[in-house]
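The block underneath contains the structure these notes are about, expressed in structure tokens.
Remember, it's 1-based here, ligands and their atoms both numbered in the order they're listed. No hydrogens, no waters, no symmetry mates; every other heavy atom, side chains included, goes into these values. Residue numbers count from 1 along this sequence. This is a predicted model, so every value here is computed, not measured.
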Amino acid sequence: MEQKIGVIGYGSMGKMIFSKFAQSKAIDTSNLFAANRTFEKTIDLNRIYPEINICGNNCALAKEVDVLFICVKPLEMKAALMETIKNIRNNCHIISLNGSILCKQLEQICINKRISKVIPSATAEANQSVTLVCHNNFVEDEDKKF
Ligand SMILES: NC(=O)c1ccc[n+]([C@@H]2O[C@H](COP(=O)([O-])OP(=O)(O)OC[C@H]3O[C@@H](n4cnc5c(N)ncnc54)[C@H](OP(=O)(O)O)[C@@H]3O)[C@@H](O)[C@H]2O)c1
């Protein structure tokens, strides 16, 4: 069964993730979930991709997904994770797009969770990005391949 993927933060990076997943058909859009602090912005996303699931808040999204991309600014990261963590599923793989926050800092909130950092550059818009990737010790080979 295909994994359900959630994205918290529908800004520059969140938008790019949705459009690239959809264009590449790497993921069935009905398995994508979105939540953004300003809910109204995600209505736009649903106009473009009606199958994508829009969630009213981060907790509703976290209950649904197997993989969770956190696409908020560094200063917003702690608050976004703190309000979400109790609803993140046990087995969820958490992926941060931020370069400056360390895995070990994320682990202080996301205890015993699989955590990866996946940092694209803006050139990913043109499908020409070098992406930096690193993982914590809970991430297994199968997750890395995914
Ligand atoms: N932009 C790049 O070229 C780039 C490249 C590599 C990595 N990154 C990293 O990617 C991450 C996102 O950057 P960005 O440029 O996409 O930022 P952005 O355009 O400012 O988007 C951030 C989004 O997060 C939402 N948000 C903030 N707090 C939230 C919360 N608690 N719950 C739900 N949504 C929340 C904001 O909602 P509102 O609509 O309410 O403001 C906004 O839509 C950053 O950590 C950045 O370091 C960015």
Side-chain angles (χ1 to χ4, degrees), residues 3-27 29-139 143-146:
Q3 307 217 64
K4 291 184 180 176
I5 298 182
V7 179
I8 288 180
Y10 186 59
S12 311
M13 288 291 116
K15 282 180 189 165
M16 188 176 72
I17 286 180
F18 283 115
S19 70
K20 295 300 171 187
F21 275 151
Q23 286 164 20
S24 67
K25 302 198 188 337
I27 305 287
T29 44
S30 64
N31 286 323
L32 295 175
F33 294 72
N36 192 61
R37 182 174 55 193
T38 309
F39 176 77
E40 291 68 29
K41 288 188 189 167
T42 52
I43 293 169
D44 190 37
L45 174 65
N46 236 189
R47 273 197 211 107
I48 310 168
Y49 304 110
E51 315 79 23
I52 290 179
N53 305 280
I54 307 297
C55 302
N57 55 59
N58 297 347
C59 293
L61 177 144
K63 286 178 188 164
E64 299 289 337
V65 302
D66 309 295
V67 180
L68 178 57
F69 284 85
I70 310 279
C71 300
V72 303
K73 292 279 191 211
L75 289 177
E76 302 164 329
M77 182 78 82
K78 189 172 181 190
L81 281 175
M82 292 292 280
E83 72 186 53
T84 311
I85 188 66
K86 61 181 183 303
N87 292 290
I88 293 178
R89 293 158 82 167
N90 277 342
N91 224 11
C92 185
H93 184 179
I94 298 166
I95 301 179
S96 162
L97 270 74
N98 180 262
S100 59
I101 298 174
L102 306 174
C103 277
K104 69 177 180 199
Q105 290 174 295
L106 297 170
E107 281 172 342
Q108 287 169 4
I109 301 173
C110 309
I111 297 162
N112 294 343
K113 298 273 189 235
R114 291 177 288 163
I115 299 173
S116 297
K117 299 208 316 173
V118 174
I119 304 150
S121 66
T123 53
E125 275 294 354
N127 299 329
Q128 298 287 332
S129 172
V130 171
T131 298
L132 304 175
V133 179
C134 68
H135 310 284
N136 76 352
N137 289 334
F138 291 102
V139 176
D143 309 317
K144 291 178 187 171
K145 231 160 60 188
F146 170 79

Query raised in the report: Any side-chain heavy atom of Asp143 sitting closer than 4.5 Å to one from His135?
Result: no
Query raised in the report: For atom 34 (N) of ligand 1, which of Lys78, Glu40, Arg37 has the closest heavy atom?
Result: Arg37
Query raised in the report: Under 4.0 Å from any heavy atom of Thr38, which atoms of ligand 1 are there?
Result: 38 (P), 39 (O), 40 (O)
Requested in this report: Starting from atom 32 (N) of ligand 1, locate the nearest protein heavy atom and write down its residue, its atom name and how far away it is, to 0.1 Å.
Outcome: Asn58 ND2, 3.0 Å
Requested in this report: Taking Asn57 for its side chain and Ala35 for its backbone only, find out whether a donor-acceptor pair lies under 3.5 Å.
Outcome: no
Query raised in the report: Please state which protein non-hydrogen atom is closest to atom 7 (C) of ligand 1 and give its distance, to 0.1 Å?
Result: Leu97 O, 3.2 Å
Query - Atom pair CG/CD of Asn87 and Glu64 - distance to nearest 0.5 Å - result: 10.5 Å
Query - 4.0 Å heavy-atom contact, Glu83 with ligand 1 - result: yes
Report summary line: Glu76 heavy atoms within 4.0 Å reach ligand 1 at atoms 27 (C), 28 (N)
Query raised in the report: What is the closest protein heavy atom to atom 47 (O) of ligand 1, and at what distance does it sit?
Result: Asn98 ND2, 3.0 Å
Report task. For Lys41, counting its heavy atoms only, list the atoms of ligand 1 lying under 4.0 Å from any of them. Result -> 38 (P), 39 (O), 41 (O)
Query raised in the report: Does Val72, backbone or side chain, put an N or O under 3.5 Å from an N or O of ligand 1?
Result: yes
Query raised in the report: Of all the non-hydrogen atoms in the protein, which one sits nearest to atom 1 (N) of ligand 1, and at what distance?
Result: Met13 CE, 3.6 Å
Requested in this report: Report yes or no: does Pro120 have a heavy atom closer than 4.0 Å to ligand 1?
Outcome: yes
Query raised in the report: Between Leu97 and Pro120, is any pair of side-chain heavy atoms under 4.5 Å apart?
Result: yes
Query raised in the report: Going from CG on Asp66 to SG on Cys92, what distance comes out if it is rounded to the nearest 0.5 angstrom?
Result: 7.0 Å
Query raised in the report: Taking atom CG of Asp44 as the centre, does the number of heavy atoms from other residues, nucleotides or ligands within less than 6.0 Å exceed 12?
Result: yes
Query raised in the report: If you draw a 6.0 Å radius around CD1 in Ile43, do more than 12 non-hydrogen atoms from other residues or ligands fall strictly inside?
Result: yes
Report summary line: protein heavy-atom neighbour closest to atom 25 (C) of ligand 1 works out as Asn36 OD1, 3.2 Å
Report task. Could you list the atoms of ligand 1 found under 4.0 angstrom from a heavy atom of Tyr10? Result -> 43 (O)
Report summary line: Residue, atom and distance of the protein heavy atom nearest atom 19 (O) of ligand 1 read Ser12 N, 3.0 Å
Query - Pair Asn127, Lys20: side-chain N/O donor-acceptor within cut-off below 3.5 Å - result: yes
**Report entry** Nearest atoms (heavy-atom pairs only) where Glu125 meets Met16
**Finding:** N-SD, 3.6 Å
Report task. Would you mind checking which non-hydrogen protein atom is closest to atom 15 (O) of ligand 1, with the distance to 0.1 Å? Result -> Lys73 NZ, 3.5 Å
Report task. Please name the residue in the list Ile8, Ile115, Val7, Leu81 that meets the side-chain contact (heavy atoms from CB on, under 4.5 Å) test with Leu68. Result -> Ile8
**Report entry** Nearest-neighbour protein heavy atom for atom 21 (O) of ligand 1, which is reported as residue plus atom name and distance
**Finding:** Gly11 CA, 3.2 Å
Query raised in the report: Is the closest heavy atom of Cys71 to ligand 1 under 4.0 Å?
Result: yes
Query raised in the report: Would you say Ser121 has any N or O atom under 3.5 Å from an N or O of ligand 1, going by distance alone?
Result: no
**Report entry** Heavy-atom check, side chain of Leu61 versus side chain of Thr84, under 4.5 Å
**Finding:** no
